[in-house]
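Notes for the one structure printed next.
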Amino acid sequence: MSVPKKHAPLSKELYEELGSACRGPVYPRDEAGFLDYSTIFNGNVVTASKAVVCPLDAEDVSRIVLFCTKHNLSPSVKAGGYGTAGWAIAGDIIIDLSKIVEVDIEPPKEDGTFTSLSDVASANSKGKKAQQNASASAAKRRREDDANLRSYDSASQAVASFLCGSPSSNAQLDGPSPSVRRRLQGPESSTTSLPPVWSGAPSGSSASDFGGSLGSQEQSASTLDNMTFPPPPVESTRVSYSLPTGPISSNFANGLAYADPFGYLDTKDFPPPPPPNVSQTSYNSGTFSPWGSGLDSTFANGPLGPEQIQLPAQAEPIYPHAYVTFGAGMRQKEIDTFTAKQKLEARYITGSGDGIPYHVPFAAHPVGSSIMLLGGFGFLSRLHGLSIDNLVEVEMVLADGRIVIVNENTYPDLWWAVRGAGPCFGIATRYKAKAFPVPVVFAGNLIYRFNKATAPSLIKHFRDCVKGAPRELYANVLLTAGPAGKDSLMVVQMCYVGTREKGQEYLAAISSWDGEKCLLNEVDEKSFLHQQDSVAQVLRGKRGRQWFIRSALISSLPDDIINETVLQFADTPVGCTWLFELAGGAIPDFENTCMPKSQREASFTIAALHQWEMDIDDDRCIDSAEEWISGTLKPVHVGGPIPSFLGRHEPPERTKACFGENWSRLCEIKGFYDPQNLFKNTFWPLDAAGEIVQPETHEPPTPEFLSTSIRGQKCKVFT
């Protein structure tokens, strides 16, 4: 599908009418600013929109919706996310919500309730006292602020050094200073290995920006041969931690890990799963030891004497959860940063401090606020449910221009529908969601060289290790191809929501695989804020590339599918990442949403995340993802993917499968609240008459290009 040579501009009269209706700025297609506001993460999408408008609140959005209805114009909504399909810029009028940027956190009231959005003025509203805007720069961010949000080296300096040679200059430490860590851990601890460095990586480059051009994966040991290692550090700066000893290590030494990786654990130490809608926090009997992340961490004791060992303060959360209110223009990384700094008071068992940070169960960085309406699977999901399960209220503008507050007591049918399919029913402008205390996580990466001969055994080992894991444990394994001329990698990521003492037991089980040398093990205690950047850091995503995403929920991971997966991945181009995430835990506990229970009971969520440079023309970049997801994995599919993983050119049948037996009810609610299908620039696969439409009819086009060949490789030349 090609871009029309010329686009009909918004007439002067309509421009003036739209400008007078909205207090925020309007950018016609031929004006400066339009490009900045109409560009999305996927470079393979261009817009044919007539104008971009940036509302300041729900009242502005309401007037824009009425304007579009009056003049038969279709709106689309850009809420700061990183969607690849392009629906956000598919409308005649793009409604960019980036100026609705308030954020606040509050503890629950004595009876456990919260202050409703209907009782709180939005930051930009008129006639009411607005809450203080927590981020002064959020309303004016564009390229510069986006660049800061896409820096992920704070996740781990060790991973940044491994991938690129050195971390970016603005990366923060993963935890407390090495000298403090050493005092905390005592003299008996063993030392983690230092990360090797990819030779040839640009000095000072960011891991999240490091990528390469198209090429087949290298399966040789050339990368290992070309690595350079930094000189050993001075002993006083070495980061270390203690590994478990005794029966655990002897079992692994005898090769018994596959039989029952967690058999050595005393199961009586694990509390039973909490019933639905009960905070898991109240079931955790242990105390927390906050390490912080450059966010004003407090250690209880004063200066040390020569023989003293400084211990951190131990604290328990006073509140099982808190409530976070945020505008639709907030990215979740900004919200995580805010709540990490705005800690809530805690009960200190030893020492003192400035409180405990609370976090909303978001997906890992980077996503926008609409993740609250589309699913949202992340590091806290197995413990507290998906993002949609922790939404308690949303302010929305409906197709008829009404501004409504939707929760379990008002508009119950809409409340059921918006948690999973929200963008198809209205425009969310503010959210209120639960946040949970997360003082520290024991988390990080185990990185290995990809070898198709040994990769199946790692995935099988991972599958067997995480079977029956407690809700506090998140884990994934991913295969990532390239960059060109370098070995592809296998990465196991774990995040135990708790302290080192319990988390180390799971690390010992997972890391017992010895099919390949572990190139880097940087699992350690760190802040949850830093951990949220970890997937993006390894993915090394880059704005402006071509992107293609496919996903699935699966019931099991049989050996034959693992074997076939590895063979297929070995032939994928550079820039392809295949991800296996452990699902389950608390996710099936929540039933009153449009996401069916059968899919909530899936064992794994799977994703193919493909990115490649704009001048590359290689059918494998798309075909390999389709063949793996729709072919190899089909025997174990459980319906469709989590809606937040729906991508470009998604077949209508897969979209409908996301909702299974709930699809008919969803269509009825859609017909009641949006009978004319005003919000068609979403994943909704039907027209106003209820007939199936092909995705190309409601997605923006790709740029015009000519195919050519340069040195035997197919390339695109854009016209």
Side-chain angles (χ1 to χ4, degrees), residues 1-4 6-11 13-15 17-19 21-22 24 26-30 34 37-40 42 45-55 58 60-79 81 83-98 328 370 373-374 396-402 418 421-429 646 648-650 652 655 667 670-702:
M1 189 173 181
S2 61
V3 184
K6 294 183 179 180
H7 305 279
L10 193 66
S11 69
E13 292 76 18
L14 290 183
Y15 168 67
E17 181 180 344
L18 181 58
C22 178
V26 179
Y27 299 94
R29 186 176 186 88
D30 55 355
F34 176 87
Y37 283 87
S38 63
T39 301
I40 64 171
N42 186 0
V45 178
V46 293
T47 182
S49 300
K50 301 174 184 297
V52 175
V53 58
C54 301
D60 271 1
V61 174
S62 174
R63 288 188 285 266
I64 297 167
V65 166
L66 294 175
F67 170 86
C68 289
T69 302
K70 176 183 176 182
H71 297 289
N72 197 29
L73 298 170
S74 68
S76 59
V77 181
K78 192 165 179 278
T84 59
W87 299 306
I89 58 172
D92 297 315
I93 304 296
I94 299 172
I95 304 175
D96 185 294
L97 302 178
S98 62
S370 61
L373 304 176
L374 291 169
M396 296 191 78
V397 178
L398 303 182
D400 59 7
R402 281 182 296 159
V418 298
C424 306
F425 293 86
I427 302 174
T429 51
L646 289 170
R648 190 161 172 81
H649 304 330
E650 201 76 69
T655 300
C667 290
K670 172 73 170 178
F672 181 81
Y673 285 99
D674 186 15
Q676 301 304 315
N677 199 24
L678 180 70
F679 303 119
K680 66 180 182 180
N681 294 309
T682 61
F683 64 73
W684 193 255
L686 307 179
D687 61 17
E691 300 296 325
I692 288 179
V693 295
Q694 294 306 312
E696 290 81 0
T697 64
H698 69 146
E699 291 179 0
T702 57

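As the structure is a computational prediction, the values presented were derived from the model and not from experiment. All values below come from the heavy atoms of this structure, side chains included, with hydrogens, waters and symmetry mates left out.
- Tyr27 pairs by the ring pair (Phe, Tyr, Trp, His ring centres under 6.0 Å) definition with Tyr37, not counting sequence neighbours.
- In terms of heavy atoms, Pro28 sits closest to Phe34 at O-CB, 3.4 Å.
- Across Ala428 and Leu97, no two heavy atoms sit closer than the pair O-CD1, 3.6 Å.
- Residue pairs meeting the salt bridge (charged side-chain N to carboxylate O under 4.0 Å, His left out) criterion with at least one partner in residues 681-690, sequence neighbours excluded, are absent.
- Put simply, the side chain of Arg29 gets close to the backbone of Ser49: a donor and an acceptor are under 3.5 Å apart.
- Scored by the side chain to side chain donor-acceptor pair (under 3.5 Å) test, Lys680 finds no partners at all (sequence neighbours excluded).
- Taken from CG in Leu678 to OG1 in Thr69, the straight-line distance is 4.5 Å, to the nearest 0.5 Å.
- Ile94 and Ser38 get closest at one heavy-atom pair: CD1-CB, 3.8 Å.
- A pairwise comparison of heavy atoms in Ile89 and Lys78 identifies CG2-CD, 4.2 Å as the closest pair.
- The side chain to side chain donor-acceptor pair (under 3.5 Å) test applied to Thr429 returns Glu395, not counting sequence neighbours.
- Smallest separation of non-hydrogen atoms from Val52 and Asp96: CG1-CB, 3.9 Å.
- Between Asp92 and Lys50 there is no salt bridge, since no side-chain nitrogen of the basic residue lies less than 4.0 Å from a carboxylate oxygen of the acidic one.
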Next item on the list: Step by step, work out the side-chain contact (heavy atoms from CB on, under 4.5 Å) result for Phe679 and Trp684.
Entry: CA-CA 8 Å; Phe679 303 119; Trp684 193 255; over 6 Å; no

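- Residues forming a side chain to side chain donor-acceptor pair (under 3.5 Å) with Glu17 (at least two apart in sequence, or on another chain): Lys70, His71.
- For His649, there are no ring pair (Phe, Tyr, Trp, His ring centres under 6.0 Å) partners at least two apart in sequence or on another chain.
- Atom CG of Leu398 is separated from atom CG of Asp400 by 5.5 Å, given to the nearest 0.5 angstrom.
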Assess the residue pair Cys22 and Phe67 against the criterion (side-chain contact (heavy atoms from CB on, under 4.5 Å)); give the C-alpha distance rounded to whole Å, side-chain angles, the decisive distance to 0.1 Å, and a yes or no.
CA-CA 10 Å; Cys22 178; Phe67 170 86; over 6 Å; no

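- Of the possible polar contacts, none joining the Asn681 side chain to the Val77 backbone as a donor-acceptor pair under 3.5 Å is found.
- The side-chain heavy atoms of Ser76 and Ile93, taken from C-beta on, include no pair separated by under 4.5 Å.
- Contact between Val65 and Ile427 at its shortest, heavy atoms only, is CG2-CD1, 3.9 Å.
- Side-chain N or O atoms of Ser370 include none that pairs as donor or acceptor with a backbone N or O of Leu373 at under 3.5 Å.
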